[in-house]
Enquirer: 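One structure coming up, written as structure tokens, with questions to follow.
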Amino acid sequence: MRKFIAFAITVSMLVAGCATDSSSAREDNLRKREYLRTERTWTMTFPEIQQALFKHERECGNAPIFRMKEGETSFAYITEPEDNDRPWNQTILVDLMWLQPSIRQETRTRLQVYSFYSDAEVKRRIQNIFDAINKPGECRS
């Protein structure tokens with residue numbers, strides 16, 4: 001009887017684990033200090049970043065995807081447009097945090113870029129994300 005109860009508990013835990021959102025679990029695994037590839041602070045607001053990405057998409061046909069974190073107004077993230085075609089462990093995740101203005105500083109956004117890998121290809125992809133925001137009219141071939 002004990003074996004049956006232990007088996008039933010194990011099965012119920014596995015089923016509950018499958019019901020969770022795997023994408024947020026993957027992102028949480030990626031948001032570790034050892035996977036932090038670069039960190040920047042820009043004097044841009046979330047709407048300015050979104051407008052640049054909209055312009056880039058209009059001009060170039062695709063753009064990185066901006067998403068607000070659910071239930072948060074000061075946190076968002078950006079992923080590459082073709083992330084669905086890549087294995088999740090090759091994802092580049094750009095976390096955005098809005099920093100409130102003060103007497104000494106205007107509105108700023110902190111960017112933290114995470115990737116499991118750090119090679120020339122990943123650095124190029126990160127730069128492409130930055131260029132889509134900073135140079136939205138310039139298309140990469």
Enquirer: For R124, look at atom CZ and say whether over 12 heavy atoms of other residues, nucleotides or ligands are found less than 6.0 Å away.
Expert: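 Counting other residues, nucleotides and ligands, CZ of R124 exceeds 12 neighbours.
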Enquirer: Treating E72 as the side-chain partner and K69 as the backbone partner, does any N or O pair qualify as donor plus acceptor under 3.5 Å?
Expert: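 Not confirmed, E72 side chain does not pair with K69 backbone.
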Enquirer: Any non-hydrogen side-chain atom of E59 less than 4.5 Å from a side-chain atom of P136?
Expert: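 Side-chain contact under 4.5 Å: no.
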Enquirer: Do side-chain atoms of T91 reach the backbone of L93 as a donor and acceptor pair under 3.5 angstrom?
Expert: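 Answer holds: no.
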Enquirer: Mind listing the closest non-hydrogen atom pair of P81 and A63 along with its distance?
Expert: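 Distance-wise, the nearest heavy atoms are CB-O, 3.2 Å.
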Enquirer: Is the F66 to F46 ring centre distance short of 6.0 Å?
Expert: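 When the ring centroids of F66 and F46 are compared, they turn out to be within the sub-6.0 Å range.
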Enquirer: To the nearest 0.5 Å, what is the distance between CD (E121) and CD (Q90)?
Expert: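 Spacing of CD (E121) from CD (Q90) equals 9.0 Å.
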Enquirer: Taking the side chain as C-beta and beyond, is there a heavy-atom pair between L53 and I78 under 4.5 Å?
Expert: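 Result yes, sub-4.5 Å side-chain heavy-atom pair found.
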Enquirer: Ignoring hydrogens and geometry, is there a side-chain-to-backbone donor-acceptor pair from R110 to M97 under 3.5 Å?
Expert: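 The answer is no, because no donor-acceptor pair under 3.5 Å joins these two groups.
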Enquirer: Under 3.5 Å, is there a donor-acceptor pair between the T45 and R108 side chains?
Expert: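 Absent: no donor and acceptor within the cut-off.
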Enquirer: Could you walk me through whether Q51 and K55 pass side chain to side chain contact (heavy atoms under 4.5 Å, CB included), step by step?
Expert: CA-CA 6 Å; Q51 288 172 353; K55 180 178 180 181; over 6 Å; no
Enquirer: Has Q100 got more than 12 heavy atoms of other residues, nucleotides or ligands less than 6.0 Å from its CD?
Expert: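 No, not enclosed.
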Enquirer: For a side chain to side chain contact (heavy atoms under 4.5 Å, CB included) check, start with the C-alpha distance between L111 and T38, then their side-chain angles and the critical distance, and finish with the verdict.
Expert: CA-CA 8 Å; L111 292 83; T38 188; over 6 Å; no
Enquirer: Go through the steps to decide whether T109 and R40 satisfy the test side-chain hydrogen bond (donor to acceptor under 3.5 Å, both in side chains), and finish with yes or no.
Expert: CA-CA 8 Å; T109 299; R40 310 262 169 97; over 6 Å; no
Enquirer: Assess whether side chain to side chain contact (heavy atoms under 4.5 Å, CB included) is satisfied between T79 and I92, documenting all intermediate values.
Expert: CA-CA 6 Å; T79 57; I92 293 174; over 6 Å; no
Enquirer: Between Y35 and F116 (judged by ring centroids, cut-off 6.0 Å), do the two rings come close enough to count as a pair?
Expert: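 Yes; F116 has its ring centre under 6.0 Å from that of Y35.
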